[in-house]
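Ligands are counted one by one from 1 in listed order, and the atoms in each one are counted from 1 as well.
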Amino acid sequence: MGKAERMTNISPQEFVQFLKEQRITRFFFVHDKKNDRLICSHTQLQPMADFIGTDRRDFMQHEGLFFQVCEPHDTLQGAFVHRTLRGQASGGVRFWHYDTVEDYLRDGLRLSKAMTQKIALAGMWWGGGKGVIAKNPQIDTNDPAVRAKIYEDYGSFLTSLRGCYVVAEDVGTNVTDMASIYSKSRFTTCIPLSLGGSGNPSVLTARGVICGMEAGIEFIGGGTLEGKTVAVQGMGNVGGPLIRFLFDKKVKKVIASDIDPICIDRVKGQLPDKDLETHIVERGDNSILGVECDILSPCATGAILNPDTIPGMKAKIICGGANNQLEEDERDGRLLQDQGIVYVPDFLTNRMGIVNCANEQYGYVNNDPFIERHLTTDWEQSIHQTTLKVLRTAQETGETPAGIAVRIADELSMELHPIFGHRGRQIIESLVADRWHESRP
Ligand code: NAD
């Protein structure tokens, strides 16, 4: 086994032990644009930097990757800064279990690039980034004191990064955790309403999904949502309000599933007189994807659009809130296209989560125009208009909607922030010059 494999094939906990033995508490990999190489804070980690920097699947010239070990809970914490041309990197921090360091790194690389694309396509002046904290299976992460320490330490880490990455909430992290981060860093969004934050964005996300559906129906010349049948997988924070909005739009029927009977009862209780057919399913049961309907809306987990599920689908349009719905972008996008199913890319329709929180430090106004314009039909970068543009271009070129959306997003992500230019990159250069890796108190 080579040196790089010895570092990436092991678990995050084994890697933390290695770092402790080497007395490394913070380290970074920064992209040297001139030589297209990742430079590293510590020579003993250079094989790992080379492993990432030569990876053609997930490494996309990320500007900087920063890491620290949270003591006393031996937790690996990272900030993946993908691209900051449009502004500081923004994206949620994920708290998740990883079997290997490679899985951990790939998740951060992939998710941070996806944030660049989502944010650029939304026309926002932010860059893309992601935080990833690897769960240490030896500690009780449900213990509030343990969690507070992990997230406070993450806050100190963010502060040390001087704003090249601004954090938001993501899978495994909740608003209490965000408040812990906020106690140590002002580079934080998605903090609770009581602390001046924007709170839960899910209702707005559901409204965004409705906009994508309406654009999809317009694209196929199918009129409006009135009288349609919609199937919804997942009746949680996004799926629940989505079903209410669908009935407001006078759909004929909603068929919905969830693994949690409490979620089902809650939504049914709010809509006693509506034609809402519900199914309690087992985890991993995707039978709802094959029901007869006009629109299918995945609002639960990712990777559910794949060669196992697509052949049985009867919907004309797929448009939902779940992240990463296509198991493999090109392959599954093509399968849907060949079957005549219109796919509205997920990162286009579920943008409202980040739209809601990204600008919260600018304060609030009623019906905030900077948020509401995403939900209109006349703003050029609204969900409606962008969906139509993507679907029409896909039709003209024969490419998949996801491919077109990524292409447009990548172009937009190269635009420079109109005031601050490429300041994120300058911050990273300052961190390197000031030997950030030795800054751990
Ligand atoms: P949530 O956990 O509140 O809801 C998801 C629901 O799906 C849960 O009720 C869960 O029981 C159910 N579920 C899980 N597996 C299922 C299955 N096989 N069949 C049916 N139901 C199943 O999460 P959420 O906030 O509603 O987010 C849903 C999706 O949207 C996630 O992929 C999330 O990453 C994405 N998303 C959410 C937001 C937001 O603002 N909340 C923003 C962007 C993207």
Name the closest protein heavy atom to [atom], giving the residue it belongs to and the distance to 0.1 Å.
atom                    : answer
atom 5 (C) of ligand 1  : Cys299 O, 3.8 Å
atom 4 (O) of ligand 1  : Gly236 CA, 3.4 Å
atom 25 (O) of ligand 1 : Asn237 CB, 3.5 Å
atom 43 (C) of ligand 1 : Asn350 O, 3.5 Å
atom 33 (C) of ligand 1 : Asn323 ND2, 3.9 Å

How does [X] reach ligand 1, if at all, at less than 4.0 Å between non-hydrogen atoms: by side chain, backbone, both, or neither?
X      : result
Val281 : side chain
Asp285 : backbone
Thr205 : side chain

Atom indices of ligand 1, in the order listed, that fall short of 4.0 Å to a heavy atom of [X]:
X      : answer
Gly234 : 7 (O), 20 (C), 21 (N)
Gly284 : 18 (N)
Ala322 : 29 (C), 30 (O), 32 (O), 35 (C)
Gln233 : 17 (C), 18 (N), 19 (N), 20 (C)
Cys263 : 9 (O)

Could you tell me if [Y] and [X] have a donor-acceptor pair between their side chains, going purely by distance under 3.5 Å?
X      : Y      : result
Arg351 : His374 : yes
Thr376 : His384 : no
Glu380 : Gln385 : no

TODO: Closest by any non-hydrogen atom to atom 41 (N) of ligand 1: pick that one out of Gly208, Ala300, Ser202, Pro201.
DONE: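 Among Gly208, Ala300, Ser202, Pro201, the closest heavy atom to atom 41 (N) of ligand 1 comes from Ser202.
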Task: Beyond-backbone contact of Gln88 with Phe420, side-chain heavy atoms, under 4.5 angstrom - done: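 Not in contact.
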Open item on the list: Quick check: do Met178 and Leu195 have side-chain heavy atoms less than 4.5 Å from each other?
Closed with: no
- [ ] Quick one: closest heavy-atom pair of Arg147 and Asn174, and the distance?
- [x]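 What the structure gives for the nearest pair is NH2-ND2, 4.1 Å.
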Open item on the list: With the threshold set strictly below 4.0 angstrom, can you tell me whether any protein non-hydrogen atom sits that near atom 18 (N) of ligand 1?
Closed with: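 Looking at atom 18 (N) of ligand 1, one finds that a protein heavy atom does lie closer than 4.0 Å.
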Are any of the N/O atoms on [X], whether in the backbone or the side chain, positioned under 3.5 angstrom from an N/O atom of ligand 1?
X      : value
Val238 : yes
Gly321 : yes
Asp258 : yes

Task: Aromatic ring pairing Tyr154/Tyr165, orientation class (parallel under 30°, perpendicular over 60°, tilted between) - done: perpendicular
Task: Greater than 12 external heavy atoms within 6.0 Å of Gln138's CD - done: yes
Open item on the list: Please determine whether a side-chain nitrogen of the Lys or Arg among Glu328 and Arg334 lies less than 4.0 Å from a carboxylate oxygen of the Asp or Glu.
Closed with: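 Between Arg334 and Glu328 there is no salt bridge, as every charged N stays at least 4.0 Å from the carboxylate O atoms.
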- [ ] Answer yes when Arg392 and Glu396 have at least one side-chain N-carboxylate O distance shorter than 4.0 Å, and no when they do not.
- [x]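 Looking at Arg392 and Glu396, the cut-off is not met.
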- [ ] Please find out if less than 6.0 Å separates the ring center of Phe66 from that of Phe157.
- [x] no
